[in-house]
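Reckoned from all heavy atoms, side chains included, excluding hydrogens, waters and symmetry mates.
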Amino acid sequence: MKPLRNIGNTDIQITPIAMGCWPISGVTSVDVTEQASLATLNAAFESGINFFDTAYCYGYEGESERLIAQALGDRRDQIVIATKGGIHWQGTKQVRDASPARIRQECDESLQRLNTDRVELYYLHGPDPEIPVSESAGAFQELLASGKILSVGVSNFTLEQLQEFARVCPISAYQPRYNMLQRDIEKDRLPWCIKNNVSVMAYWPLMKGLLAGKLSRDHQFAPEDGRQKYPMFHGEEWEKNQDFLDVLRALADEMNRTVAQIVVRWTIQQPGITCALCGAKRPEQIKENAEALEFELLDSQIEAINQAIVQRGTIIS
């Protein structure tokens with residue numbers, strides 16, 4: 001039995017590693033197939049992961065949600081599903097709309113795609129600059145009261161937006177970007193979440209694959225690989241990141257683990273972090289990440305990692 005953690009103040013229990021289901025949507029990842037995606041979802045479940053994180057806009061036509069229903073529908077009561085509303089596609093362009101009517105519509109459509117009568121966690125995917133956060137929060141409060149969603153989360157919020165939303169609707173989970181080299185939430189949002197018993201579900205724990213340690217210094221990205229737009233994958237930043245990874249590679253060799261496992265384990269051992277969302281599109285990827293549930297880092301190992309982080313310095317992401 002894997003160790004489980006509660007979502008906020010609820011009795012919903014999740015594994016500290018979730019499968020992030022953006023890659024299986026096939027929007028930005030290369031070499032995605034339905035067969036591999038279904039196999040990956042099954043591999044996650046078989047590896048002991050019970051938490052699956054998706055969204056209304058993961059796929060131009062909701063492919064991610066549909067795949068979860070197809071792969072895991074017969075085990076619905078054994079899994080926890082998080083999905084998100086407030087962003088949709090118009091053609092190939094993402095549009096933010098967190099109006100109450102749109103939130104209610106997207107929730108209903110997500111339930112249909114997932115072939116379920118409820119989701120355990122429903123997020124506002126991001127703030128809508130045209131709609132007051134408190135107005136969006138009112139729609140989430142309604143959905144919570146209806147039983148269609150069992151807890152509420154928000155993603156990509158500032159501290160002020162968290163506070164504004166929470167005045168209208170209780171927040172059980174917050175989903176920000178967080179990893180060894182991108183730690184800005186530690187200044188304000190993470191302390192607020194700890195104080196208010198809000199679970200922090202970290203996305204990008206492997207920094208879009210960079211911290212998995214499998215991209216060599218001379219790696220050439222495919223033209224369609226969306227990661228090329230980030231400075232972290234180029235020039236001096238790339239070289240600094242590879243130097244940092246060399247430290248992690250040495251530690252991983254010592255422990256007979258992979259770099260990805262060390263990175264994920266470090267993440268879920270950080271104070272206030274409830275879960276790390278690990279994106280995957282192939283079974284071997286999620287199986288590797290799931291093994292981070294099987295061990296703990298010693299204090300001395302965490303200290304060595306933290307020293308390497310300081311030596312790496314501020315990242316341009």
Side-chain angles (χ1 to χ4, degrees), residues 1-5 14-24 29 36-37 39-53 80 175-183 199-217 219 227 232-233 241-312 315:
M1 184 67 181
K2 306 294 182 187
L4 298 174
R5 299 176 178 180
I14 58 169
T15 46
I17 294 173
M19 178 173 157
C21 298
W22 166 251
I24 63 172
S29 297
S37 296
T40 305
L41 288 161
N42 278 300
F45 182 83
E46 289 158 9
S47 298
I49 290 172
N50 80 337
F51 191 25
F52 296 83
D53 181 272
V80 174
Q175 186 176 129
R177 179 188 75 183
Y178 182 76
N179 56 58
M180 286 180 171
L181 300 181
Q182 294 171 313
R183 301 171 65 177
S199 290
V200 176
M201 316 296 198
Y203 72 79
W204 284 22
L206 294 172
M207 215 168 152
K208 297 195 77 66
L210 175 71
L211 294 179
K214 292 175 181 174
L215 300 174
S216 63
R217 283 183 190 266
H219 180 80
R227 291 178 293 186
M232 69 180 91
F233 293 105
N241 290 334
Q242 287 292 335
D243 291 344
F244 172 67
L245 283 164
D246 284 343
V247 177
L248 297 184
R249 288 177 181 118
L251 178 60
D253 287 344
E254 263 178 50
M255 296 180 64
N256 197 28
R257 296 286 176 182
T258 67
V259 172
Q261 288 164 358
I262 299 292
V263 171
V264 172
R265 187 68 229 182
W266 178 92
T267 306
I268 62 177
Q269 282 188 230
Q270 294 305 294
I273 302 297
T274 300
C275 181
L277 308 178
C278 295
K281 60 183 181 181
R282 292 190 297 274
E284 60 271 19
Q285 293 172 325
I286 200 65
K287 286 177 183 176
E288 177 185 350
N289 293 334
E291 287 187 25
L293 295 170
E294 309 290 345
F295 69 98
E296 288 193 8
L297 290 167
L298 303 174
D299 289 345
S300 59
Q301 292 165 335
I302 290 176
E303 179 57 29
I305 292 168
N306 290 344
Q307 286 177 3
I309 292 169
V310 171
Q311 188 172 356
R312 163 61 184 84
I315 184 170

For the residue pair [X] and [Y], establish whether any side-chain heavy-atom pair is separated by less than 4.5 Å.
X      : Y      : answer
Ile17  : Phe51  : no
Gln285 : Thr40  : no
Ile309 : Ile305 : yes
Gln301 : Trp266 : no
Met201 : Ile14  : yes
His219 : Gln242 : no
Lys287 : Glu46  : no
Phe45  : Met19  : no

Please give me the minimum heavy-atom distance between [X] and [Y], naming the atom from each residue.
X      : Y      : answer
Leu181 : Arg312 : CD2-CG, 3.7 Å
Cys21  : Leu41  : SG-CD2, 4.0 Å
Phe233 : Met207 : CZ-O, 4.0 Å
Val259 : Leu211 : CG1-O, 3.2 Å
Gly209 : Arg227 : CA-NH1, 4.0 Å
Gly48  : Thr15  : O-CG2, 3.2 Å

Quick one: does any side-chain atom of [X] pair with a main-chain N or O of [Y] as donor and acceptor, under 3.5 Å?
X      : Y      : answer
Asn289 : Val264 : no
Arg257 : Leu251 : no
Asn50  : Val80  : no
Gln269 : Leu297 : yes

Spacing of [X] atom [atom1] and [Y] atom [atom2] [to the nearest 0.5 Å]:
X      : Y      : atom1 : atom2 : value
Asn179 : Leu206 : CG    : CG    : 8.5 Å
Leu293 : Ile268 : CG    : CD1   : 5.5 Å
Ile286 : Asn42  : CD1   : CG    : 12.5 Å
Glu294 : Ser47  : CD    : OG    : 9.0 Å
Ile273 : Arg5   : CD1   : CZ    : 9.5 Å
Leu210 : Asn241 : CG    : CG    : 5.0 Å

Short side-chain donor-acceptor distance under 3.5 Å, [Y] and [X]:
X      : Y      : value
Trp22  : Asp53  : no
Asp243 : Gln311 : no
Arg265 : Gln261 : no

*Would Val200 and Gln175 count as a side-chain contact (heavy atoms from CB on, under 4.5 Å) if you check the C-alpha gap in whole Å, the side-chain angles of each, and the deciding distance to 0.1 Å?*
CA-CA 6 Å; Val200 176; Gln175 186 176 129; over 6 Å; no
Show the atom names and distances, to 0.1 Å, of all donor-acceptor pairs under 3.5 Å that link a side chain in residues 275-284 to residues at least two apart or in another chain.
unit_1, atom_1, unit_2, atom_2, d
Lys281, NZ, Val30, O, 2.5
Arg282, NE, Glu284, OE2, 3.2

_Listing request: all salt bridge (charged side-chain N to carboxylate O under 4.0 Å, His left out) pairs with a residue in residues 295-306, at least two apart in sequence or in separate chains._
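Sorted result for residues 295-306: empty, none.
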*Begin from the C-alpha positions of Gln182 and Met232 and carry the test side-chain contact (heavy atoms from CB on, under 4.5 Å) through to its verdict.*
CA-CA 11 Å; Gln182 294 171 313; Met232 69 180 91; 4.0 Å; yes
*Sequence neighbours left out, what passes salt bridge (Lys or Arg N to Asp or Glu O under 4.0 Å) with Asp246? Give chain and number order.*
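So Asp246 forms a salt bridge (Lys or Arg N to Asp or Glu O under 4.0 Å) with Arg217, Arg249.
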